[in-house]
Amino acid sequence: MSIEANLTLIREQIAEACRHANRPEREVALMAVSKVHPVEALLEAYAAGQRLFGENRVQEFQEKAASLGTLSDFEMHLIGPLQSNKTTRAAELFYAVDTVDSLKIAQRLNTAAQALNKKLPILIEVKLSHEESKHGVAPDDLTALIAALQPLDSLIPSGLMTVPPWSEEAETARPYFQQLRRLRDEQQQLCPTLTQLSMGMSNDFAVAIEEGSTCVRVGTAIFGKRPRPIE
Ligand SMILES: *Cc1c(COP(=O)(O)O)cnc(C)c1O
C-alpha cells in the first residue's frame, strides 16, 4: 500500500479508537515517524497532508532537512535519545524535543533556545520498565525534575512520553500507558502546562488512545518496515 493509503487507514483506525474510548478525535494527534526512511518517504507523507513528524536522531534529520528546502509548515519532533553535545543542534533543527530525561539536557536546551530567541516545547520521557536499553527519568525522580524546570524560561514543559517494552501483544502495554497517565495527572497539578501524553506506536496505538494518549507515534504502519534497525 502507498504511504497515502496507509495514512488514510491509520487515521480511520484512530477515529475508531476515539469513538470506542468516547473521546473527540481532535484530542489525538498522529505523528509520522520517518526515521531511517529516505526523505522521499517524508515528502510523500507531506504531500498526503501529514504535518506532524518524528525523527530519532539529530544527525539523520540534519541531513534530511537539507533536502527539504523551503518546506516549513510542518512540525518535526525529536523522539530519540539526545546527547548533551547535540542540544544546540537539536534546539535549532526541531520544533520540539520529546525525550528530555535529565536536568542537564533541559538546561542546555534552554540555553540554546534562549540564544535562538525561541520557546521550545519539550516532553519528559519516563522510564516505566527496567529494561537496560530504555531511556527516561524514573517515576520517583519526576517531581524533582519538573520542579527544576520551572526557572527555564525558554522551555515549555508540555507533557510526558514513554516507550513501553516491545511486545507483539498490544494489551501488554496497557498498564504502562495507565501508569504514564496517572503520572501526568499528578504532575499537572504542579505544572499546568503538562497536558500531553505521547504514547502508542504502530502495534498498540488503539490501546494507548483508550488510555488517554494525545499523540501516537506511528512509523512502520505508515512507512513500512524499516530498511535497517534503529541504532
Ligand atoms: C521508531 C519509534 C516509533 C515508531 O515505531 P513503529 O513501531 O514503527 O510505529 C515511535 N516512537 C519512538 C520513540 C520510536 O523510536
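Numbers for residues simply follow the sequence, beginning at 1. Order of appearance sets the numbers: ligands from 1, and atoms from 1 within every ligand.
- Legend: residues meeting side-chain contact (heavy atoms from CB on, under 4.5 Å) with A5, ordered by chain and number and at least two apart, are M1, S2.
- For D98 and H77, the side-chain atoms include at least one donor-acceptor pair closer than 3.5 Å.
- Residue-level proximity to ligand 1 for T99 is absent, since no heavy atom of it falls below 4.0 angstrom.
- For ligand 1, the polar-atom distance check finds no N/O of V218 at less than 3.5 Å from any of the ligand's N/O atoms.
- A pairwise comparison of heavy atoms in L120 and A96 identifies CD1-CA, 4.1 Å as the closest pair.
- In the vicinity of R217, heavy-atom distances shorter than 4.0 Å reach the ligand 1 atoms 4 (C), 9 (O), 10 (C), 11 (N), 12 (C), 13 (C).
- Other residues, nucleotides and ligands contribute over 12 non-hydrogen atoms within 6.0 Å of the NZ atom of K118.
- A search for salt bridge (charged side-chain N to carboxylate O under 4.0 Å, His left out) contacts involving E27 returns R23, not counting sequence neighbours.
- Of all the atoms in ligand 1, the ones that sit under 4.0 Å from a non-hydrogen atom of I79 are 11 (N), 12 (C), 13 (C), 14 (C).
- Close approach of ligand 1 to T220 is summarised as follows: ligand atoms under 4.0 Å from at least one heavy atom of the residue are 6 (P), 7 (O), 8 (O), 9 (O).
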